Amino acid sequence: MNRKYRKTIIAGNWKMNMLASDIKPFAEELKALVPKAKWCEMVFCVPFVNIPAALKAFKDTRVAVGAQNLNENDHGAYTGEVSAAMLADLGVKYVIVGHSERRRYYGETDTTVNKKVHAAVNAGLYPIICVGESIEQREMGVTGELIAFQVKSALSGLAAEQIHKIVIAYEPLWAIGTGKTATAEQANEVCNSIRAIIRKLYGARTARSVTIQYGGSMNETNAAELLSKLDIDGGLIGGASLVPEKFAAIVNAANQEQA
Ligand code: 13P
């Protein structure tokens, strides 16, 4: 983390878990475990139908609510879809875009990710853009090129002033839900390369202001080490975000004094 230049964001991605009725007790438990968040911003990205319950449960706390997806179109005949304006209208602040599970199971491409990023930013939402390589791609030695392609495609057409509204999450596919975390060095190397790409595209001042998270089996035991790295500005957390004690431990690790 480097708090001087950018925000630390600890975000939970609840994926398809938790019922609306689970959220209030969860929020109450969490509140007792985290100090009035000092430096880091807390976010929970919840299923669409649970957004109202989450907004209510986290009202008057410093926890923001996010969605896990959005449609790239403004409005129209897209049965079953949800637009950026609908999310913004409810009071949603963040939205995950291009999670590997959506790329893998629902055919999302770098082109749709780019359209969704524009839709989110235009509606005033903060997209959390996910990028990451598979184990085969890592072993082939193409991680750098692949991540550069994903980042450049996702940001295509955005102006420098819009970059301040985006968050990037580096989530290696082989670390998601596997219990296998990237080492802090591996994660920082890729997060650093993402910042270098943004620097090339938008300049040093913009690049140093962008929050870049790590995601993939981040938990209460490995968070402190990952977050001690300069280019890792937070986490996108799946499994451990479903347990108040675990999520709180990660937040508390992010709130430690910086050396
Ligand atoms: P896990 O923390 O369960 O590995 O999930 C990571 C993730 O996909 C967050 O978006």
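What you are looking at is a predicted structure, and each value in this text was computed from that prediction instead of being measured. Counting convention: from 1, in listed order, for ligands and their atoms alike. For the numbers below, each heavy atom of this structure counts, side chains included, while hydrogens, waters and symmetry mates do not.
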What do we get for N13 next to ligand 1 when only non-hydrogen atoms under 4.0 Å count, side chain, backbone, both or neither? side chain

Give me the atom names and distance for the closest heavy-atom approach of A123 to A88. O-CB, 3.6 Å

Salt-bridge criterion met for D110 and R103 (N-O under 4.0 Å): yes

If you count the atoms of ligand 1 from 1 in the order shown, which ones are under 4.0 Å from a heavy atom of K15? 5 (O), 6 (C), 7 (C), 8 (O)

Taking distance alone, with N or O pairs closer than 3.5 Å, would you say G239 contacts ligand 1? yes

Do ligand 1 and T178 have nitrogen or oxygen atoms that lie under 3.5 Å from each other? no

So, 4.0 Å and heavy atoms of S100: is ligand 1 close enough to count as a contact? no

Mark up the atoms of ligand 1 that fall under 4.0 Å of a heavy atom belonging to A175, in ascending order. 4 (O)

For I176, is at least one N or O under 3.5 Å away from an N or O on ligand 1? no

Could you list which atoms of ligand 1 come closer than 4.0 Å to a heavy atom of G216? 4 (O), 6 (C)

If you look at every heavy atom in I10 and V251, which pair is closest and at what distance? CG2-CG2, 4.0 Å

Heavy-atom nearest pair, V97 first then P127, reads CG2-CB, 3.9 Å

I'd like to know if the side chain of Q150 and the backbone of G132 have a donor-acceptor N/O pair within less than 3.5 Å. yes

Atom pair CG (N2) and NZ (K229), whose distance is rounded to the nearest 0.5 Å: 14.0 Å

For E171 and ligand 1, does the shortest N/O to N/O distance drop below 3.5 Å? yes

Could you tell me whether some N/O pair between G238 and ligand 1 is separated by less than 3.5 angstrom? yes

So is G215 close enough to ligand 1, meaning a heavy atom under 4.0 angstrom away? no

Any salt bridge between R208 and D233, counting N to O under 4.0 Å? no

Face-on cation placement of K7 at Y126 ring, 6.0 Å and 45° thresholds: yes

Where ligand 1 meets S217 - atom numbers and elements under 4.0 angstrom, heavy-atom basis: 1 (P), 2 (O), 4 (O)

